[in-house]
Amino acid sequence: MDDAITMRGNFAMNAPFLGKQGLHDNNSEFNSYSFLVEQILNRANTATLVKVVSVTNSGGVSPVGFVDIQPLVNLLDGYGNAVPHGVVHHVPYHRLQGGANAIILDPQVGDIGIAIFADRDISSVKNNLSQSNPGSLRRFDMADAMYMGGFLNGTPSQYIEFSASGIKVNSPTKITCIAPNIEFDANTAFAINSPTITLNGAVTQGAGSYAGNSSFAGTMTVNIDAVIGGKSYIHHIHSGVTSGSSDTGNIV
């Protein structure tokens, strides 16, 4: 054999085309069938890691959208050269949702997740959103991918954390709760730690099973009036006050 010919396995690297068949694949009937079965199985896609390259939604209140994904594990030709996959388009992604109740957490460009591939063509179901016949006879094809996120990603800056010490909700910008009625129940203590606290609405204190007294460590400023025991602090007039007394006719 010419020393100038570099070999990979049992095949010459200077060959114009190199397949996957080795010299031992034809040594027996079992080897031949095994090679044939392996080549058929190689056409079946099951699951792989992918990167999101585009997404139709951006976190708003909307139906579940679609992503375009780039498979991250390359193909190899007979010489061992990398052959990247193309981008898979219009892939439905997973959202934790039941009926009209959902956690909206749309994928973002650059996310790494997993794509799973259906055993039959799901294009008709994607279009009709109902039970349908397969759109073609393809099987285990990348075109029938479904995306789930959350693999091999970095440290989040906005999150809900579950740990042995409790549950923490963290946002670097803002947390907004919207509902006709919002109730917090704490049987030990309820603390609000903030440099400023604004209450936009009427405030009622002292009702409910934990009714009690209020205490303020700092100065309370009332811009209009304070009504104490049904009496106005500003407009309450003391009777029986004589001139020169330490009291005045009005408390101001």
Side-chain angles (χ1 to χ4, degrees), residues 1-56 64-97 105-154:
M1 181 178 294
D2 191 342
D3 293 338
I5 299 178
T6 303
M7 302 296 294
R8 178 187 179 274
N10 297 313
F11 294 92
M13 291 295 291
N14 64 348
F17 177 80
L18 183 62
K20 296 293 185 179
Q21 187 175 16
L23 293 179
H24 298 290
D25 291 327
N26 286 326
N27 283 354
S28 67
E29 185 176 11
F30 175 81
N31 287 359
S32 297
Y33 282 128
S34 295
F35 174 76
L36 179 63
V37 170
E38 181 180 346
Q39 298 312 298
I40 295 174
L41 289 176
N42 286 341
R43 300 177 59 185
N45 297 285
T46 53
T48 191
L49 290 171
V50 297
K51 178 183 288 186
V52 175
V53 296
S54 69
V55 59
T56 58
V64 182
F66 298 88
V67 292
D68 293 345
I69 54 176
Q70 172 66 59
L72 296 179
V73 181
N74 294 328
L75 297 169
L76 295 176
D77 65 13
Y79 295 108
N81 299 315
V83 181
H85 289 279
V87 174
V88 184
H89 299 279
H90 203 60
V91 176
Y93 63 81
H94 173 263
R95 173 189 287 170
L96 185 60
Q97 181 166 347
L105 184 60
D106 293 321
Q108 296 186 17
V109 172
D111 284 353
I112 295 177
I114 187 172
I116 54 178
F117 307 102
D119 66 339
R120 283 175 171 77
D121 186 342
I122 64 172
S123 58
S124 296
V125 175
K126 288 164 59 177
N127 293 328
N128 302 328
L129 301 181
S130 62
Q131 185 175 358
S132 306
N133 291 333
S136 69
L137 297 179
R138 67 188 182 214
R139 301 288 307 275
F140 300 100
D141 197 285
M142 280 195 171
D144 301 307
M146 294 166 283
Y147 174 79
M148 298 181 66
F151 291 82
L152 304 178
N153 292 306

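Note that the coordinates shown come from a computational prediction; the quantities given were computed from them, not determined experimentally.
K126 and A143 get closest at one heavy-atom pair: NZ-O, 4.4 Å. Counting all heavy atoms, side chain and backbone alike, V109 lies closest to V53 at CG2-O, 3.7 Å. Nearest heavy atoms, A115 versus I69: CB-CD1, 3.7 Å. A145 and V88 get closest at one heavy-atom pair: CB-CG1, 4.4 Å. Taking all atoms of both residues into account, the shortest heavy-atom contact from V55 to P107 is CG1-O, 3.6 Å.
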For a quick test of your reading: what N or O donor-acceptor pairs under 3.5 Å do the side chains of residues 130-137 make, sequence neighbours left out?
| residue | atom | partner | partner atom | Å |
| --- | --- | --- | --- | --- |
| S132 | OG | N128 | ND2 | 3.1 |
| S132 | OG | S130 | O | 2.9 |
| S136 | OG | D121 | OD2 | 2.7 |
| S136 | OG | R138 | N | 3.4 |

Show me the side-chain donor-acceptor pairs of residues 42-49 shorter than 3.5 Å, one per line, residues at least two apart or across chains.
| residue | atom | partner | partner atom | Å |
| --- | --- | --- | --- | --- |
| N42 | ND2 | E38 | O | 3.3 |
| N45 | ND2 | F140 | O | 3.0 |

Exercise. Would F117 and D144 satisfy side-chain contact (heavy atoms from CB on, under 4.5 Å), going step by step from the backbone distance to the final call?
Worked result: CA-CA 5 Å; F117 307 102; D144 301 307; 5.7 Å; no
For this session: Using the side-chain contact (heavy atoms from CB on, under 4.5 Å) rule, take N74 and H85 through it: C-alpha gap first, then chi angles, then the decisive distance, then the call.
Result: CA-CA 6 Å; N74 294 328; H85 289 279; 5.6 Å; no
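Checked against ring pair (Phe, Tyr, Trp, His ring centres under 6.0 Å), F66 has the following partners two or more places apart in sequence or in another chain: H90.
More than 12 non-hydrogen atoms from other residues, nucleotides or ligands lie less than 6.0 angstrom from CD of Q39.
Screening D68, L72, D111 for a side chain to side chain contact (heavy atoms under 4.5 Å, CB included) with K51, the sole residue that qualifies is L72.
Remark: the backbone N or O of H94 is not paired with any side-chain donor or acceptor of Y147 at under 3.5 angstrom. No side-chain donor-acceptor contact under 3.5 Å links Q70 to the backbone of V50.
Using a 4.0 Å cut-off between a side-chain N of Lys or Arg and a carboxylate O of Asp or Glu, R95 and D106 qualify as a salt bridge.
Considering CG of N153 and CD of Q108, their distance stands at 10.0 Å, rounded to 0.5 Å. In this structure, N81 CG and L75 CG are separated by 12.0 Å, a value rounded to the nearest 0.5 Å. Atoms CE and CD1, on M146 and I116 in that order, are 4.5 Å from each other to the nearest 0.5 Å.
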